[in-house]
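All ligand and atom numbering here is 1-based and tracks the order in the structure.
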Amino acid sequence: MRYTQVKRLRTVEEFRAHVADLGVDIPVAHHVDAPGPLGEAVTIRDASAGALTAPNRFAILPMEGWDGTADGHPTDLVRRRWDRIGASGAGLAWCEATAVRADGRANPHQLLLDRSTVDEFATLRTLLAPGQVAGLQLTHSGRWSRPDGAPAPRIAYRHPWLDRRVDATDAHRFDDEELDALAQTYVDAAVLAHDAGFDFVDVKHCHGYLLHELLSAHDRPGPYGGDLDGRMHFLRTVVSGIRARTPQLAIAVRLSAFDLMPFVPGSDRIGAPETIEANYPYAFGGDGTGLGIDLTETHAFLDAVADLGIGLVSITAGSPHYNPHVQRPAYFPPSDGYQPPEDPLVGVARQLAATAEITHRHPDLTVIGSGYSYLQDWLAHAGQEVVGRGDATMIGLGRMVLSYPDLPADVLAGRALLRTQICRTFSDCTTAPRHGLVSGCFPLDPFYKEHGDRVELTRVKKLTRGSHDDE
Ligand SMILES: Cc1cc2nc3c(=O)[nH]c(=O)nc-3n(C[C@H](O)[C@H](O)[C@H](O)COP(=O)(O)O)c2cc1C
Ligand code: SF4
């Protein structure tokens with residue numbers, strides 16, 4: 001099974017014709033203006049902290065590198081990444097997943113924010129550009145925690161499908177008192193983030209991690225489950241704690257606006273739904289089948305977010321752990337993934353449509369979209385049209401930033417894109433950490449081409465048949 005590769009579509013017209021053939025909607029400008037709509041400043045409101053101004057419509061999305069020290073301190077690799085983000089020209093930097101507590105680290109090299117690391121976070125902050133709005137993503141990985149390498153899930157509720165994936169049948173289920181204490185730890189971390197100079201913190205609600213899991217805890221008894229009010233109790237507790245202790249700090253939320261059921265490789269290695277049961281109530285923003293979208297609760301969540309005085313959200317979808325084609329559309333899957341069950345542009349269009357609906361429905365929110373990297377040569381053409389139509393306030397860049405950090409600066413200056421740096425979604429930046437290696441753009445970034453982990457990455461890709469023919 002092979003889909004048309006975007007790099008083979010040499011003109012905007014060819015790209016548009018291909019998108020039309022797929023029957024999806026991806027708006028694309030004929031040519032990119034400089035600085036154009038993407039160069040317009042945007043004001044981000046926060047009822048407590050006041051307004052922040054991003055000088056343009058590019059945002060860097062959070063991208064961790066699996067490259068901190070064993071006790072959560074930044075390394076030279078982390079500093080290199082942040083330095084490149086600072087030089088990117090993007091108006092906003094939404095910096096990487098940072099654990100608030102050691103047991104919630106997604107891997108033994110995830111950054112940890114506490115009193116012992118806060119000064120180094122302050123140094124990281126100085127690597128970002130003056131005028132670039134800077135935020136830090138705070139997280140507890142919940143079901144997907146691996147603080148020492150092996151799965152150590154800590155769950156919000158029992159899940160008939162995902163419990164098997166991480167052998168969570170006997171996993172620790174957070175009780176209410178533990179969640180009360182964890183919420184205070186988020187507040188402590190937010191205070192430290194403010195001390196380190198960040199403009200905002202993200203109370204992360206995406207990708208299957210703990211707070212995203214809480215959003216589907218319908219059957220959980222007590223204050224943290226049940227109706228949407230209960231499922232948002234954790235967020236409300238954290239927000240009121242932050243407002244009380246550090247009112248000058250803005251708050252943001254990164255949200256998986258919709259989710260689908262887990263996918264698995266079929267006999268042909270193409271991804272397929274794990275179950276054909278028609279009832280799947282565990283997907284927040286889903287329609288109850290596990291395969292469809294219904295944003296009713298998502299809108300209610302975002303109304304409540306706005307009522308909390310929060311003005312900034314990043315929209316994403318699904319999870320890299322159980323349906324990666326939803327979350328990060330790619331032509332080449334990571335080694336533990338599956339061949340795409342759809343043209344990856346269909347996945348891009350799915351995120352675009354949800355983001356557009358949300359942006360139009362919540363005009364007081366600054367909405368950053370995700371999943372644009374697969375647009376490749378046409379990312380700026382689509383980004384300009386999306387922003388121009390008001391289908392998103394800002395264009396978030398994930399993988400593209402690893403291969404081509406200067407893309408925002410080039411687009412805003414009217415320079416032609418450097419084709420050799422365009423992310424072709426080889427997924428090595430995901431495959432490497434799945435095998436305990438650091439993440440980076442091994443195929444295209446000269447630094448990682450020379451990095452010692454590349455030899456091991458090549459070996460494991462051969463073993464897992466994850467290698468591809470284009471590198
Ligand atoms: C290597 C890697 C690390 C990531 N780390 C994070 C993270 O720390 N927090 C987060 O919310 N999303 C993370 N993501 C998801 C991205 O922010 C983004 O949503 C996704 O890659 C889709 O956007 P793109 O098409 O521009 O890559 C990561 C993705 C990759 C590939
Ligand atoms: S390794 Fe590089 S080219 Fe591959 S998906 Fe990651 S950023 Fe893109």
**Asked** What part of Ser427, side chain, backbone, both or neither, has a heavy atom within less than 4.0 angstrom of ligand 2?
**Response** backbone
**Request:** Using the six-membered ring of Tyr448, assess whether NZ or CZ of Arg454 lies under 6.0 Å from its centre and within 45 degrees of the ring axis.
**Result:** no
**Request:** Give a yes or no on whether the backbone of Ala257 and the side-chain of Thr298 come within a donor-acceptor separation of less than 3.5 Å.
**Result:** yes
**Item:** ligand 1 N/O within reach of Ala97 N/O, cut-off under 3.5 Å
**Value:** yes
**Asked** Which ligand 1 atoms does Ser439 reach within 4.0 Å, using its non-hydrogen atoms?
**Response** 1 (C)
**Asked** What part of Thr425, side chain, backbone, both or neither, has a heavy atom within less than 4.0 angstrom of ligand 2?
**Response** backbone
**Request:** For atom 7 (S) of ligand 2, find the nearest protein heavy atom and state the residue, atom name and distance (0.1 Å precision).
**Result:** Arg399 O, 3.3 Å
**Message:** Let me check your reading of the structure: within less than 2.8 Å of atom 2 (Fe) of ligand 2, is there an N/O/S atom from Cys429?
**Reply:** no
**Asked** Going by the order shown, which atoms of ligand 1 are within less than 4.0 Å of some heavy atom of Trp66?
**Response** 1 (C), 3 (C)
**Request:** For the pair Arg16 and Asp21, evaluate salt bridge (charged side-chain N to carboxylate O under 4.0 Å, His left out) and give the outcome as yes or no after the intermediate values.
**Result:** CA-CA 9 Å; Arg16 283 185 156 174; Asp21 283 349; over 6 Å; no
**Request:** Return the orientation label for the His381 and Trp378 ring planes: parallel under 30°, perpendicular over 60°, tilted otherwise.
**Result:** perpendicular
**Request:** Using a strict cut-off of 4.0 Å, indicate which atoms of ligand 1 neighbour a heavy atom of Gly398.
**Result:** 24 (P), 26 (O), 27 (O)
**Residue pair Asp67, Arg81: steps toward the salt bridge (charged side-chain N to carboxylate O under 4.0 Å, His left out) verdict** = CA-CA 10 Å; Asp67 50 11; Arg81 184 165 54 255; 2.7 Å; yes
**Asked** Considering only the protein, which heavy-atom contact is closest to atom 23 (O) of ligand 1, and what is its distance?
**Response** Gly371 N, 3.3 Å
**Prompt:** Are any of the N or O atoms of Gln137 closer than 3.5 Å to those of ligand 1?
**Reply:** yes
**Prompt:** Any nitrogen or oxygen of Tyr374, main chain or side chain, under 3.5 Å from a nitrogen or oxygen of ligand 1?
**Reply:** no
**Message:** Once you measure the plane-to-plane angle for Phe332 and Phe426, does it fall in the parallel (<30°), tilted (30-60°) or perpendicular (>60°) bin?
**Reply:** tilted
**Request:** Inspect the contact between Asp377 and Arg424 and indicate whether a charged nitrogen and a carboxylate oxygen are less than 4.0 angstrom apart.
**Result:** yes
**Request:** Assign the ring pair Tyr157 / Tyr282 to parallel, tilted or perpendicular, where the plane angle (0 to 90°) is split at 30° and 60°.
**Result:** parallel
**Asked** Got a donor-acceptor contact below 3.5 angstrom from the Tyr331 side chain to the Tyr3 backbone?
**Response** yes
**Request:** Consider every N or O of Glu96 and every N or O of ligand 1, then say whether any pair is closer than 3.5 Å.
**Result:** no
**Prompt:** Does any non-hydrogen side-chain atom of Arg154 lie less than 4.5 Å from one of Leu210?
**Reply:** no
**Request:** Do me a favour and list the nearest non-hydrogen protein atom to atom 27 (O) of ligand 1 with residue, atom name and distance?
**Result:** Arg399 NE, 2.7 Å
**Prompt:** Against heavy atoms of Gln327, which atoms of ligand 1 measure under 4.0 Å?
**Reply:** 15 (C), 19 (O), 22 (C)
**Prompt:** What part of Thr139 sits under 4.0 Å from ligand 1 if we count only heavy atoms: the side chain, the backbone, both or neither?
**Reply:** neither
**Message:** Using a 4.0 Å cutoff against the non-hydrogen atoms of Arg254, which atoms of ligand 1 qualify?
**Reply:** 10 (C), 11 (O), 12 (N), 16 (C), 17 (O), 18 (C), 19 (O)
**Fill in**
Closest heavy-atom approach to atom 17 (O) of ligand 1 among Pro62, Cys95, Ala317, Pro433 is made by Pro62
**Asked** Do side-chain atoms of Tyr186 reach the backbone of His140 as a donor and acceptor pair under 3.5 angstrom?
**Response** yes
**Item:** For atom 2 (Fe) of ligand 2, closest protein heavy-atom neighbour
**Value:** Cys441 SG, 2.3 Å
**Request:** Considering the heavy atoms of Cys423, write down every atom of ligand 2 situated less than 4.0 Å from one of them.
**Result:** 3 (S), 5 (S), 7 (S), 8 (Fe)
**Asked** So which protein heavy atom does atom 4 (C) of ligand 1 come closest to, and at what separation?
**Response** Met63 CA, 3.6 Å
**Asked** Evaluating non-hydrogen atoms only, which member of Tyr374, Tyr448, Phe426 is closest to atom 4 (Fe) of ligand 2?
**Response** Phe426
**Asked** Between Ser370 and ligand 1, is there a nitrogen or oxygen pair with a distance under 3.5 Å?
**Response** no
**Message:** If you measure every N or O of Ser373 against every N or O of ligand 1, does any of those distances drop under 3.5 Å?
**Reply:** yes
**Prompt:** How does Arg424 reach ligand 2, if at all, at less than 4.0 Å between non-hydrogen atoms: by side chain, backbone, both, or neither?
**Reply:** backbone
**Asked** Which atoms of ligand 1 have any heavy atom of His207 under 4.0 Å away?
**Response** 10 (C), 11 (O), 12 (N)
**Test log, rule salt bridge (charged side-chain N to carboxylate O under 4.0 Å, His left out), inputs Arg350 and Glu342** = CA-CA 11 Å; Arg350 195 186 289 116; Glu342 61 190 9; 2.5 Å; yes
**Prompt:** Given Arg328, Glu64, Lys204, which has its nearest heavy atom closest to atom 28 (C) of ligand 1?
**Reply:** Arg328
**Contacting atoms of ligand 1, where contact means under 4.0 angstrom from a heavy atom of Thr430** = 31 (C)
**Asked** At a 4.0 Å cut-off, with the gap strictly under it, does some heavy atom of Trp94 reach an atom of ligand 1?
**Response** no
**Asked** Any sub-3.5 Å donor-acceptor pair from Ser439's side-chain atoms to Gly65's backbone N or O?
**Response** no
**Message:** Check whether Glu64 reaches the backbone of Leu111 with its side chain - one donor and one acceptor, N or O, closer than 3.5 Å.
**Reply:** no
**Request:** Measure across Gly286 and Asp294 and return the closest heavy-atom pair with its distance rounded to 0.1 Å.
**Result:** O-CB, 3.6 Å
**Request:** Measure from NZ or CZ of Arg80 to the centre of the six-membered ring of Phe447, then state whether that distance is under 6.0 Å and the direction lies within 45° of the axis.
**Result:** yes
